[in-house]
Amino acid sequence: MSDTTATSNGQKQTHGFQAEVKQLLQLMIHSLYSNKEIFLRELVSNASDAADKLRFLALSDGSLYGDDGELRVRISLDDKARTLTVSDNGIGMTQDEVISHLGTIAKSGTKEFFSQLSGDQSKDSKLIGQFGVGFYSAFIVADKVTVRTRKAGAAANEAIEWESAGEGDYSITPISKDSRGTEIVLHLREGEDEFLNRWKVESIVTKYSDHISIPVELWQEEQPERDGEDGEKIAAVPGHWQAANKATALWTRDKSDITDEEYQEFYKHISHDWSEPLSWSHNKVEGNSNYTSLLYVPKKAPFDMWNREAQHGLKLYVQRVFIMDDAEQFMPAYLRFIKGVLDSSDLPLNVSREILQDTKVTQTLRKGCSSRALKMLDKLSKDAEQYQAFWNEFGQVLKEGPAEDMANKEQIAALLRFASTHNEDSTQNVALADYISRMKEGQDEIYYIVADSYAAAKHSPHLEVLRKKGLEVLLLSDRIDEWLVQHLTEFSGKKLRSVAKGGLDLSKLDDEETKKAQQEAEQAFADVIGRFKTALGDQVKDVKVSHRLTESPACVVTDEFDMSTQMIKLMESVGQKVPDVKPIFELNTEHQLVKRIADEQDEERFKQWADVLLEQALLAERGSLKDPAAFVARLNNLLLSLAK
Ligand SMILES: Nc1ncnc2c1ncn2[C@@H]1O[C@H](COP(=O)(O)OP(=O)(O)OP(=O)(O)O)[C@@H](O)[C@H]1O
């Protein structure tokens with residue numbers, strides 16, 4: 001029951017699909033077949049987006065509506081032709097738009113997506129779900145798809161017909177179309193007749209599209225006059241279009257009237273994600289500012305989360321009129337994984353990205369939305385399993401928070417999770433509050449180490465004495481961690497302290513006997529320390545007796561206010577110039593090797609030993625040496641002399 005007519009009025013051209021589209025089509029037809037009815041959700045979702053876009057443009061040019069201001073989507077079924085048609089009176093497309101939107105994939109993350117495909121259907125179907133296939137899903141059930149579209153404001157004879165069998169190419173033909181918008185005709189594959197059944201189609205629309213804010217209508221056949229139960233006559237009802245959905249914007253409805261399924265479907269509609277969200281938070285704020293937000297935490301990170309240019313942000317509405325996608329002004333970058341809708345009554349309808357930049361209203365909304373998102377995460381964190389799933393996907397992004405959002409630093413810090421010496425493995429599941437609850441008597445700082453990998457952190461010599469004393473250490477090894485600890489210096493009144501820096505002082509935790517023994521060692525070793533200083537010269541800032549080693553002979557530490565080794569590496573990796581930071585060299589006077597070197601009388605040999613010890617310590621700390629060949633030569637020399 002199509003209500004538009006179209007006639008061909010020009011030359012047909014054939015175009016090849018972009019290679020990725022061909023690949024995607026093949027994959028989709030095979031991997032998504034068991035979930036085939038979702039094509040209807042995708043097409044209705046696109047149609048409703050097209051209506052939103054037109055409504056937005058019409059704010060400044062009302063003539064775009066022509067004489068058809070009632071935006072809606074219609075689904076018609078034709079038994080004889082075996083077609084299902086989704087038509088809308090939204091924005092429509094020009095020829096160029098048709099070619100770029102329906103012949104290529106212009107999404108960020110496309111490359112990553114294709115590189116992750118494995119050929120395993122169940123795995124790939126999940127990936128495709130995350131990637132979002134949209135329009136192309138029509139080919140799951142159709143062996144030919146015809147799209148007729150006329151852009152709002154264009155003349156009837158400026159319409160375009162796109163047609164394809166979903167294989168290598170598609171055709172484009174200029175046509176005349178008597179109404180604005182897009183009509184998508186699915187020529188159903190053999191065996192897909194269930195999609196010609198009105199009842200079936202209606203039930204899919206209700207399931208997937210109830211929250212769509214414009215009516216999604218199906219044709220209701222004429223009902224002839226009939227007799228009622230008590231013999232009274234019931235008048236005939238002529239055939240008419242009837243909405244199959246509630247057609248009210250979901251977020252404007254009362255929370256108590258919305259089911260979990262509706263929230264989940266709405267998430268899929270706005271995010272183009274196929275998995276359910278992990279959680280959501282729906283809030284109406286009234287008073288000084290007036291807005292509604294509906295925020296979601298996805299289950300999986302999108303393909304382009306690490307792409308700085310990738311779009312993110314909320315879908316912005318002003319008084320229920322769609323204004324823009326990806327309004328990033330309302331979510332700080334460290335919460336860029338949050339999806340959702342913001343509907344403000346305080347912004348003007350003609351608001352633009354530029355205007356949004358620095359209005360007071362934007363700031364208030366951003367504050368409100370960030371705080372809602374953090375509260376939602378806090379709630380999620382009460383469920384350890386769910387929160388771990390969240391953390392594994394998005395933890396690294398959240399770690400950008402303390403540097404970006406000073407006002408919410410403490411709240412963000414409470415949401416962070418770390419690997420720790422308390423655990424056997426590298427799972428990041430220790431909250432700072434857990435750490436504090438396990439602190440030893442007399443301990444008033446939170447100890448951490450930052451290294452290149454979990455293994456390097458866990459086996460670092462700096463941990464030796466802390467392990468002996470039973471002190472827990474957070475093991476940090478994500479790229480962002482050094483940046484994080486620069487900005488997160490305190491939590492709940494407790495300082496965060498690097499165990500690889502000079503300022504570490506565990507003497508408060510030592511008993512009198514240990515302190516005395518340490519003092520004696522320092523005195524007894526004063527001469528040897530002096531010899532090491534002479535031997536190492538300006539390679540080091542200082543040489544000290546170590547109180548942090550039990551197994552290793554020596555280690556290097558960074559002076560408290562110098563740049564840490566990890567920070568130096570981070571800066572070097574992005575090509576930044578770094579200052580030449582000299583380490584403090586610490587010796588374990590209890591170690592056999594150190595004792596032997598102390599007995600060495602030949603100053604030449606002593607220097608060789610001192611150099612090797614320093615280079616070993618640097619290697620353990622930095623993972624590389626400035627001159628590794630010299631180290632190997634020196635070591636071989638010493639081994640040779642020992643073997644003699
Ligand atoms: N009914 C329609 N009216 C106007 N434009 C449309 C319509 N359907 C699709 N388009 C255009 O084609 C583009 C591609 O659609 P498609 O469904 O493949 O991807 P998408 O909706 O952008 O994202 P996703 O793939 O995540 O669903 C849309 O962004 C839109 O510009």
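Whatever order the structure lists ligands and atoms in, that order sets their numbers, starting from 1.
Atoms of ligand 1 found under 4.0 Å from any heavy atom of Gly134, numbered from 1 in the order shown, are 17 (O), 25 (O), 27 (O).
With atom 12 (O) of ligand 1 as the reference point, the heavy atom nearest to it among Glu42, His101, Glu183, Met93 is part of His101.
Evaluation of the side chain to side chain contact (heavy atoms under 4.5 Å, CB included) rule for Thr259 yields Glu261, Glu262 as partners, not counting sequence neighbours. Residues passing the side chain to side chain contact (heavy atoms under 4.5 Å, CB included) test with Gln396 are Trp306, Asp478, Ile480, sequence neighbours excluded.
Salt bridge annotation for Arg189-Asp143: absent, with no cationic side-chain nitrogen under 4.0 angstrom from a carboxylate oxygen.
Residue Ala50 has no nitrogen or oxygen atom sitting less than 3.5 Å from a nitrogen or oxygen atom of ligand 1, judged on distance alone. Here's the thing with Asp49: none of its N/O atoms is less than 3.5 angstrom from an N/O atom of ligand 1. At least one N or O atom of Asp88 sits closer than 3.5 Å to an N or O atom of ligand 1.
With respect to Tyr208, the side-chain contact (heavy atoms from CB on, under 4.5 Å) criterion is satisfied by exactly one of Val44, Val216, Asn245, Ile38: Ile38. The only member of Asn89, Asp88, Thr149, Ile91 that meets side-chain contact (heavy atoms from CB on, under 4.5 Å) when paired with Arg180 is Asn89.
Proximity of Thr149 to ligand 1, defined as any heavy-atom pair under 4.0 Å, is not found for any part of the residue.
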